[in-house]
Enquirer: 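Quick one: the structure is below, and I'll ask about it shortly.
Counting convention: from 1, in listed order, for ligands and their atoms alike. Count residues from 1 along the sequence. Just so we're clear, the structure is a prediction, and the values are computed from it rather than from any experiment.
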Amino acid sequence: MAYDVSLLLQQGRIFQHGQLSEPMDIAIAGDTIRAIAPHLDLTAATTLPLAGQLVIPPFVESHIHLDSVLTAGQPRWNQSGTLFEGIEIWRERKQSLTVEDIQERAIAALKIQASQGVLFVRTHADVSDPTLTPLHGLLSVREAVKDWITVQVVAFPQDGIYSHPGTVERLEEAMKLGADVVGGIPHYELTREDGVRSVKYIFDLAETYDRLIDIHCDEIDDDQSRFLEVIAAEAIRRDMGDRVTASHTTAFGSYNNAYAFKLMGFLRRARINFVSNPLINLTLQGRMDTYPKRRGLTRVKELWQNGLNVSLGHDCIQDPWYCLGTGNLLDVALMAVHACQMTGHDELQACVQMVTENGARTLNLHHAYGIAEGQPANLVVLDAEDAIAALQHRATARHVISQGQPLVSTTPPQVTWQQVV
Ligand code: 17E
Ligand code: FE2
């Protein structure tokens, strides 16, 4: 044997690519998976007997705003529960932001996430503010945590690109400072024309600086909000689909079926990625409805049935838009199961993939992700026998292995009966 095994996981069942394996031994040397087989006759510095527990590639948080996490109630509560009141409250909270404030809250949130098996995170950083404090803060966090969690930063113009002077230039400045992804918010530009123009500008910037794209798109119940078709058209013309993500797209849930059917064909051609944030959009949307009240989510099940890549995000942890949030991606998958009626056997499994492998595809992680020999040793042991049981029991992440090292482990709560019943 030409390598020393540092960590040996014994008899874990791997859930990946929609398949559950027989119990396997997984040998890790340094930061790399070196061998996977039913039985490995090896000694290792550390051995973890798993007794059939589930091993999955790490959870991927494909959409969160780490600049605003843990600010719920500051400076005031969101009484209407709408996206737009949230944006106003955040505008007020932004006045007192410092780089240290962002670093502290973002790292606290990343620890909460990692302890529950999240090892890859795409965060939005608001670039509406002239000081670019959220971007500076989150770029420094990306660097500070890189030995245990991978963070991608989206330059996100929360207040719109053309509605305030200077944002166009700041978005380009963000590329020069090293943001990984260009963002936008076409449905919040002052006019439809500005929205269309903003999408084209985002694609131009991404091409010039060789970056990914993730646009907050059509996050409104307005059935006339139709920037998704503009994104699809640009992705088709520039052949960039797999590098492009449309986040939220909640208006897709309100489009008439004739338009939605036509659009779905264009989306299949464009092959862009989608992120749905069911926790947040179930609470933000439908606020102007009486009854029946819309769910305000994009067409998750139909996008999945059409073979498109859909991942699920948390979006917020305790901020002006959503005062709850645990960082646990099984919570998000469970909410999608309910709100999108994904209760079939394969649909349940798909919801777990939407917070693991599909998220990896959204983030363009390619070969940096997945359990196989020669791959970076990032994986999570869940206290469950298969993916559906993980949802049923909201399984505890027993062991989180990051870059070959045990990072954090959790012991499930112990229940002790005081009477025999
Ligand atoms: N900003 C936005 O435009 N939409 C959201 N859902 C959040 C922030 C959380
Ligand atoms: Fe968002």
Side-chain angles (χ1 to χ4, degrees), residues 61-74 77-78 80-94 97 102 105-106 109 121-129 134-135 138 152-161 163-164 167 171 181-190 195 198-199 202 213-222 225 227-228 245-253 273-287 295-298 311-325 327 329 332 335 339 359 362-363:
E61 175 52 80
S62 53
H63 189 123
I64 192 161
H65 298 254
L66 285 178
D67 49 5
S68 56
V69 284
L70 306 174
T71 62
Q74 302 172 8
W77 212 252
N78 186 336
S80 67
T82 58
L83 168 66
F84 302 109
E85 187 175 344
I87 293 175
E88 277 167 30
I89 296 171
W90 174 235
R91 207 173 284 141
E92 293 167 31
R93 179 62 174 80
K94 270 191 273 192
L97 277 181
I102 287 170
R105 287 183 291 98
V121 175
R122 175 178 283 179
T123 178
H124 298 263
D126 187 358
V127 295
S128 301
D129 191 74
L135 183 72
L138 292 178
Q152 275 185 2
V153 179
V154 186
F156 171 51
Q158 174 70 82
D159 297 336
I161 295 179
S163 51
H164 296 84
T167 314
L171 206 50
V181 189
V182 199
I185 185 163
H187 55 277
Y188 195 50
E189 298 290 346
L190 292 170
S198 78
V199 172
I202 291 159
I213 293 173
D214 190 332
I215 299 176
H216 279 63
C217 180
D218 300 320
E219 191 185 8
I220 188 164
D221 295 320
D222 176 10
S225 186
F227 297 102
L228 179 52
T245 298
S247 280
H248 297 290
T249 62
T250 62
F252 199 177
N273 305 294
F274 291 82
V275 180
S276 174
N277 300 295
L279 297 170
I280 273 62
N281 287 125
L282 268 177
T283 52
L284 290 181
Q285 310 311 131
R287 291 279 180 165
R295 294 168 189 227
L297 296 189
T298 196
S311 57
L312 303 171
H314 222 292
D315 204 8
C316 307
I317 300 177
Q318 299 158 32
D319 74 4
W321 294 275
Y322 185 68
C323 58
L324 306 171
L329 278 169
V332 177
M335 191 58 80
T362 298
L363 266 62

Enquirer: Write out the residue and atom name of the closest protein heavy atom to atom 1 (N) of ligand 1, then the distance separating them to 0.1 Å.
Expert: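 Ranking protein heavy atoms by distance from atom 1 (N) of ligand 1, first comes Q158 OE1, 2.7 Å.
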
Enquirer: If you round to 10 degrees, what value do you get for the angle at the Fe ion (ligand 2) between H216 atom NE2 and D315 atom OD1?
Expert: 170°

Enquirer: Could you tell me whether R93 and D126 have a side-chain N and a carboxylate O separated by less than 4.0 Å?
Expert: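 So R93 does not pair with D126 through a salt bridge.
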
Enquirer: Purely on distance, is any nitrogen or oxygen of D315 under 3.5 Å from one on ligand 1?
Expert: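 Yes, since at least one N or O of D315 sits under 3.5 Å from an N or O of ligand 1.
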
Enquirer: Please note down the angle at the Fe ion (ligand 2) between NE2 of H63 and NE2 of H65, to the nearest 10°.
Expert: 100°

Enquirer: In ligand 1, which numbered atoms sit nearer than 4.0 Å to a non-hydrogen atom of H216?
Expert: 2 (C), 3 (O), 4 (N)

Enquirer: Does some non-hydrogen atom of W90 fall short of 4.0 Å from ligand 1?
Expert: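 No, that is not the case, since the closest heavy atom of the residue is not under 4.0 Å from the ligand.
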
Enquirer: With a heavy-atom distance limit of 4.0 Å, tell me whether F84 approaches ligand 1 through its side chain, its backbone, both, or neither.
Expert: neither

Enquirer: What is the nearest protein non-hydrogen atom to atom 4 (N) of ligand 1, stated with its residue, atom name and distance?
Expert: E219 OE1, 2.7 Å

Enquirer: For a side chain to side chain donor-acceptor pair (under 3.5 Å) check, start with the C-alpha distance between H248 and N277, then their side-chain angles and the critical distance, and finish with the verdict.
Expert: CA-CA 6 Å; H248 297 290; N277 300 295; 3.2 Å; yes

Enquirer: Tell me which part of I185 gets within contact of ligand 1: side chain, backbone, both or neither, using heavy atoms under 4.0 Å.
Expert: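 Answer for I185: side chain.
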
Enquirer: For ligand 1, which atoms, with element, lie under 4.0 Å from some heavy atom of C316?
Expert: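 Near C316, the atoms of ligand 1 are 9 (C).
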
Enquirer: Hey, which atoms in ligand 1 end up nearer than 4.0 Å to a heavy atom of L83?
Expert: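 With L83 as reference, the close atoms of ligand 1 come out as 2 (C), 3 (O), 4 (N), 5 (C).
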
Enquirer: Give the atoms of ligand 1, by number and element, whose distance to some non-hydrogen atom of H248 is under 4.0 Å.
Expert: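 Going through ligand 1 atom by atom, the ones under 4.0 Å from H248 are 6 (N).
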
Enquirer: With sequence neighbours excluded, what pairs up with H187 under the ring-ring contact (aromatic ring centres under 6.0 Å, His included) test?
Expert: none

Enquirer: For the side chain of E189 and the backbone of I161, is there at least one donor-acceptor N/O pair under 3.5 Å apart?
Expert: yes

Enquirer: Determine whether a donor-acceptor pair (N or O, by modelled atom type, separation under 3.5 Å) exists between the side chain of E61 and the backbone of H314.
Expert: yes

Enquirer: Looking only at side chains, do S62 and S311 share a donor and an acceptor under 3.5 Å apart?
Expert: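 Yes, a side-chain donor-acceptor pair sits under 3.5 Å.
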
Enquirer: So if I apply the side-chain hydrogen bond (donor to acceptor under 3.5 Å, both in side chains) rule between S247 and each of H124, R122, H63, which one comes out positive?
Expert: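 Answer after filtering H124, R122, H63: H63.
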
Enquirer: Atom CZ of F156 and atom NE2 of H65: how far apart are they, to the nearest 0.5 Å?
Expert: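 Result: 5.5 Å between the selected atoms.
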
Enquirer: Is it true that some N/O/S atom of E219, main chain or side chain, lies under 2.8 Å from the Fe ion (ligand 2)?
Expert: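 No, E219 does not qualify, because none of its backbone or side-chain N, O or S atoms lies under 2.8 Å.
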
Enquirer: With a 4.0 Å cut-off on heavy atoms, is H124 touching ligand 1?
Expert: no

Enquirer: Please identify which of these residues, N281, L312, T250, meets the side chain to side chain contact (heavy atoms under 4.5 Å, CB included) condition with S276.
Expert: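 Of the listed options, the one satisfying the test is L312.
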
